[in-house]
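To start, the structure under review is shown below, and the notes come after it.
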2 protein chains.
Amino acid sequence: MHQNNHNLDEAAVHSLFCAHSLRFTRQRFAVYTALASEKVHPTADQLFQKLSRSESGISLATVYNTLEALVKSGLAQKLADGGTSARYDAAVDDHLHIRDCATGSLSDVPEALGQKLLDNLPQDVLKEIEDTLGFRISRMQIELIGEYTREAVEVN
Amino acid sequence: MHQNNHNLDEAAVHSLFCAHSLRFTRQRFAVYTALASEKVHPTADQLFQKLSRSESGISLATVYNTLEALVKSGLAQKLADGGTSARYDAAVDDHLHIRDCATGSLSDVPEALGQKLLDNLPQDVLKEIEDTLGFRISRMQIELIGEYTREAVEVN
DNA sequence: TGGTGTTTTAGAACTATTATAATTATAGAC
DNA sequence: GTCTATAATTATAATAGTTCTAAAACACCA
Ligand SMILES: [Mn+2]
Ligand SMILES: [Mn+2]
Ligand SMILES: [Zn+2]
Ligand SMILES: [Zn+2]
């Protein structure tokens with residue numbers, strides 16, 4: 001489940017961190033809520049910029065440290081940007097990504113649509129690939145690359 | 001079509017470069033053939049190391065310059081590594097990748113198998129995504145992430 | 001073969017990320 | 001609530017991948 005836009009109060013995040021054996025700190029709370037509220041998947045520096053404006057102060061090193069801690073504990077995933085820097089995603093379930101060639105941004109395909117595609121993948125072919133290659137597929141990453149032709153229709 | 005293992009003599013590469021408006025140089029020939037002969041998709045530095053051993057000398061800057069030229073002219077593609085550096089691929093058609101979690105290596109799903117999966121994607125769902133988001137999908141990148149459980153069966 | 005624009009190159013510069021080590025804060029015991 | 005042990009934060013330095021610079025070498029065509 002995507003946690004974006006679900007209001008994340010301090011208590012909720014505290015128990016979420018607790019459940020993942022992560023200490024709760026003001027900085028981690030700030031990074032996690034900033035990450036989870038983003039529609040596109042930000043770089044470490046973009047998060048740092050955003051937090052520098054609002055927060056009383058957080059260091060770039062802490063942004064990196066926190067992101068690494070979140071990834072390690074399964075509360076976020078690290079995505080490879082096509083370019084130089086990494087992008088982070090508070091959604092850790094299997095979901096599709098859209099890369100907008102025009103802007104370079106990376107965002108999510110809405111849950112319902114993405115799930116429909118994942119549910120309709122040819123499982124027999126995936127099984128055949130696993131059997132033939134002797135490879136156990138633990139997850140897939142699918143990226144749709146292209147350009148927007150207009151604004152997206154609102155999906156509920 | 002993957003060009004791996006098709007013997008690439010100087011004349012063939014010369015006309016290939018010519019067709020793509022790329023000047024033929026000793027260094028570009030070396031980089032391109034090294035790239036096209038790799039089963040896994042190497043980093044710039046891996047290519048440089050490999051060429052340093054065999055060639056009479058090529059600079060790292062030239063490896064980067066050449067890879068950029070190959071990508072720009074459509075003779076290679078740049079792939080995002082999960083980690084720090086970029087990987088390059090002499091196959092420019094749509095094909096699936098395998099990421100081996102154990103080693104971090106990135107390699108191809110054999111053409112026939114990969115094509116079978118691509119041919120069996122639910123086109124109607126893809127169309128629905130395009131229509132709903134107002135997004136024109138120009139290509140997809142699919143990565144199967146997991147671990148090998150044994151050696152692959154030989155595929156012909 | 002000569003002239004001209006292109007490529008190569010060593011090295012410097014740049015940028016994203018990670019390491020260091022001193023300071024500060026958290027969580028749990030009392 | 002206070003104390004303590006352990007973990008997180010921070011400024012800063014170090015590292016690593018990549019790009020830039022400008023001078024020398026080369027490819028291509030007339
Ligand atoms: Mn780096
Ligand atoms: Mn870099
Ligand atoms: Zn996502
Ligand atoms: Zn490939």
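Residue numbering restarts at 1 for every chain, and letters A, B, ... go by the order of the sequence lines.
Straight-line distance from the CD atom of B:Gln46 to the P atom of D:dG17: 10 Å, rounded to whole Å. Between A:Leu51 atom CG and D:dT9 atom C1' the separation is 14 Å, expressed in whole Å. Rounded to whole Å, atom P of C:dT8 lies 11 Å from atom CG of B:Leu67. To the nearest angstrom, C1' of C:dT18 lies 11 Å from CG of A:Leu60. The CG atom of A:Asn65 sits 14 Å away from the C1' atom of D:dT12 (whole-angstrom rounding). Atoms CZ (B:Arg87) and C1' (D:dT18) sit 16 Å apart, rounded to a whole Å. Between the C1' atom of C:dT8 and the CG atom of B:Leu70 lies a distance of 15 Å, rounded to the nearest Å. Taking atom CD of A:Glu68 as the reference point, atom P of D:dA8 lies 11 Å away to the nearest angstrom.
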For DNA chain D, the dot-bracket notation using Watson-Crick and G-U wobble pairs below 3.5 Å, [ ] for pseudoknot-type crossings and | for other-strand pairs, is ||||||||||||||||||||||||||||||

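Between A:Asp89 and A:His97, the side chains place a donor N or O and an acceptor N or O closer than 3.5 Å (distance only, hydrogens not considered).
An OP1 or OP2 oxygen of D:dT18 is reached within less than 4.0 angstrom by a side-chain nitrogen or oxygen of B:Tyr64. Residue B:Ser59 places at least one side-chain N or O closer than 4.0 Å to OP1 or OP2 of C:dT9.
The side-chain hydrogen bond (donor to acceptor under 3.5 Å, both in side chains) contacts involving residues 64-78 of chain B comprise nothing, where partners must be two or more places apart or lie in separate chains.
Not a single salt bridge (Lys or Arg N to Asp or Glu O under 4.0 Å) links B:Asp124 to another residue, sequence neighbours left out. A:Glu147 is linked by a salt bridge (Lys or Arg N to Asp or Glu O under 4.0 Å) to nothing, counting only residues two or more places apart in sequence or in another chain. In this view, B:Thr33 and B:Leu8, B:Val13, B:Phe29 satisfy the side-chain contact (heavy atoms from CB on, under 4.5 Å) rule, not counting sequence neighbours.
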Expected string for nucleotides 24-30 of chain C under the B/S/- scheme (protein heavy atoms, under 4.0 Å, primed atoms plus P, OP1, OP2 as sugar-phosphate) is --BS---

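Here CG of A:Asp108 is found 11.0 Å from CG of B:Leu133. Values are rounded to the nearest 0.5 Å.
Listed nucleotides: D:dG17, C:dT8, D:dC20. Nearest to the side chain of B:Thr62: C:dT8. Ranking C:dG11, D:dT18, D:dT12 by closeness to the B:Ala86 side chain, first place goes to D:dT18.
When all heavy atoms are compared, the tightest approach of A:Leu35 to A:Ala76 is CD2-CB, 3.9 Å. Here the closest non-hydrogen pair linking B:Arg23 and B:Arg28 is O-NH1, 3.2 Å. When all heavy atoms of B:Phe48 and B:Ile58 are compared, the closest pair comes out as CE1-O, 3.1 Å.
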